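Residues take their numbers from the sequence shown, with the count starting at 1. Keep in mind that the numbers below use all heavy atoms, side chains included, and drop hydrogens, waters and symmetry copies. Remember, predicted model here, so these are calculated numbers, not experimental data.
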Amino acid sequence: MDFNSLGQGSAFYVLNKAGKPTLLVGTIKSRTQPQAKYQATAVPNAFNGANIQQVINITATIDGKDETFTEIPVNVEVAQSGDKIFTGSRDAMISVVDGLINQSKKILSDVEYHKTMIEEGDKILEVLNPKYAEEKKQAKTIADLEKGYSDISKRFAKVESDQAQILAMLKQMSQKPTKNSEKL
């Protein structure tokens, strides 16, 4: 059932794909009469109105609030605006959701391939482009040097800490009288 066939009181299904997909069901409160999407003056030399797309605006009450959907083509069963897909047909919405589920399953099944492509693609680029290989090698060398410097800095800080503790202990020991110095 295309949008032109819908009238006041008809069911209206909205799938919001933003974030977690949610389905909202409402009813059509009002709709405009079909009108040309583009005014004749906006399309000079239009072929006497032939093939000019007709659109309508629908206001639907969804969850107690009115929401207006604009410039909906009259000759389609399902339309989309931003993250919202909408229709007046429950069966059409079932098909939309089935299609989205199948698309997501396909994407998930392709994840491993794409991970492998990234890993192997880098290796392939290194073979095809020596400059790319040299840049990768330099980046790895720099990263290794930075890690080595960080390790050396940590070790040096530990040595300084240990040295300070040893000096503090020596200072304490030098201030305490020994048994031999007490006899004198």
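Leu15 and Pro21 make their closest contact through CD1-CB, 4.5 Å (heavy atoms, listed as atom of the first residue, atom of the second, distance).
Between Arg31 and Asn4 there is a side-chain heavy-atom pair separated by less than 4.5 Å. The shortest side-chain heavy-atom distance between Lys171 and Leu167 does not fall under the 4.5 Å cut-off. Counting heavy atoms from C-beta outward, Asp83 and Asn16 have side chains that approach closer than 4.5 Å. Here the side chains of Lys84 and Glu67 are in contact, with some heavy-atom distance below 4.5 Å. A heavy-atom distance below 4.5 Å is found between the side chains of Glu134 and Gln138. Side-chain contact between Asn75 and Gln54 is absent, with no heavy-atom pair separated by less than 4.5 Å. Side-chain atoms of Tyr38 and Ile52, non-hydrogen and from C-beta on, never get closer than 4.5 Å to each other. Proximity of Leu100 to Lys17: side-chain heavy atoms (C-beta onward) are separated by under 4.5 Å at one or more points.
Taken to the nearest 0.5 Å, the OH atom of Tyr13 stands 12.5 Å off from the CG atom of Leu24. Annotation: the span from Phe12 atom CZ to Leu6 atom CG amounts to 7.5 Å, rounded to 0.5 Å. Atom OG1 of Thr87 and atom CD of Gln80 lie 12.5 Å apart (nearest 0.5 Å). Here Leu128 contributes atom CG and Leu125 contributes atom CG; the two are 6.5 Å apart, rounded to the nearest 0.5 Å. Here the straight-line distance linking atom OG of Ser5 with atom CD of Glu77 works out to 9.5 Å at 0.5 Å rounding. Atom CD1 of Ile152 sits about 11.0 Å away from atom NZ of Lys147, to the nearest 0.5 Å.
Residues Ile56 and Ile62 are members of one and the same hydrophobic cluster, defined by side-chain heavy-atom contacts under 4.5 angstrom among Ile, Leu, Val, Met, Phe, Trp and Tyr. Hydrophobic clustering (ILVMFWY, side-chain heavy atoms < 4.5 Å, transitive): Phe86 and Val76 are in one cluster. Tracing side-chain contacts under 4.5 Å through hydrophobic residues (I, L, V, M, F, W, Y), one reaches Leu23 starting from Ile85; they form part of the same cluster. Under the 4.5 Å side-chain heavy-atom criterion for Ile, Leu, Val, Met, Phe, Trp and Tyr, Val14 and Ile28 are members of the same hydrophobic cluster.
With respect to Arg155 and Asp151, no salt bridge is recorded, no charged nitrogen being found less than 4.0 Å from a carboxylate O. Using a 4.0 Å cut-off between charged side-chain N and carboxylate O, Asp66 and Lys29 make a salt bridge. Ion pairing between Lys123 and Glu120 holds under the 4.0 Å rule for side-chain N and carboxylate O.
Side-chain contact annotation: Ser95 with Asp98, donor-acceptor N/O pair under 3.5 Å absent. Side-chain contact of Thr59 with Thr68: a donor-acceptor pair under 3.5 Å is present, judged by distance alone.
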